[in-house]
Amino acid sequence: MDTNTHGTHAQCGHLDRRGFLRLSTSVAALGLLGGSLYGSLAYADALTKEQRDKLTPDEILAQMKRGNERFRKGERKPRNYLREQKASAKGQYPAAVVLSCIDSRAPAEVIMDLGIGDIFNCRVAGNIANDDILGSMEFACKLSGAKVALIMGHTACGAIKGAIDNAELGNLTGLLAKIKPAVQATVYSGERTAKNYGFVDAVARKNVEFVMAHIREQSTVLRELESQRAVKIAGAMYNLETAAIDFFA
Ligand SMILES: [Zn+2]
């Protein structure tokens, strides 16, 4: 929590809910209230179905980009996690599903300044897709109404390095095998080793492209939703050094 959050909370602490909503409408007009995906129309603590359904996939991606810009500048929308938790306890209407790596330095909500109830999260080393990940994404989009499926790789990814190095360890071996086609397909003129971060990051990007293609090939549900323009399948790379997310489109 930052000081702004406490400040906002303190101001609202003595108001009843109706009073809070009145206050929040004016606060929202200034773009100060939490609930990152509301944009300038913020007036509640977690996305409602009505709010989510009004957003287009492009608007949701734009909100994610703006959230990352705030993160990079050290800014954050004031938010109250307990209020978000209470507002979302009886139902969730996330706008997107994000498939990203388990890397501790790339938590999607934090680096895109999002809150509770904003996005579904699939996290697996190397942000690969298998049948269970596809099932999770199909649930998120077809049954729960998320409109963006964002595949987000990141720089200096250990899973990508492991695939380049042909690392072998228990069940990790099979996971890394899913990344190896991206290693082979990466066109790169320099040193093709895990020590060369230029190559590692090029493979990570190719891997995101391959995962996007895999989703379109292997998930009839998501492919149809995308062809109906109900869902956008998007790719991105998060840079651990600069904190910037490079959205592919
Ligand atoms: Zn990683």
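First listed ligand is number 1; within each ligand, the first listed atom is number 1.
- Using modelled atom types, one side-chain atom of Asn68 and one backbone atom of Ile245 make a donor-acceptor pair closer than 3.5 Å.
- Judged by distance alone, with hydrogens and angles left aside, the side-chain atoms of Asn121 form no donor-acceptor pair with the main-chain N or O of Ala108 at under 3.5 Å.
- Taking the charged nitrogens against the carboxylate oxygens, Lys77 and Asp113 have no contact shorter than 4.0 Å, which rules out a salt bridge.
- When the shell of 6.0 Å around CD of Gln228 is examined, it contains more than 12 heavy atoms from other residues, nucleotides or ligands.
- Closer than 2.8 Å to the Zn ion (ligand 1) sit the protein N, O or S atoms Cys101 SG, His154 NE2, Cys157 SG.
- Remark: side-chain polar atoms of Arg79 are not paired, donor with acceptor, to backbone N or O of Ile116 under 3.5 angstrom.
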Sequence neighbours left out, cut at 3.5 Å: what donor-acceptor pairs do the side chains of residues 198-206 make with other protein atoms?
{"residue": "Asp201", "atom": "OD1", "partner": "Ala156", "partner atom": "N", "Å": "2.9"}
{"residue": "Arg205", "atom": "NH1", "partner": "Asp246", "partner atom": "OD2", "Å": "3.0"}
{"residue": "Lys206", "atom": "NZ", "partner": "Glu209", "partner atom": "OE1", "Å": "3.4"}

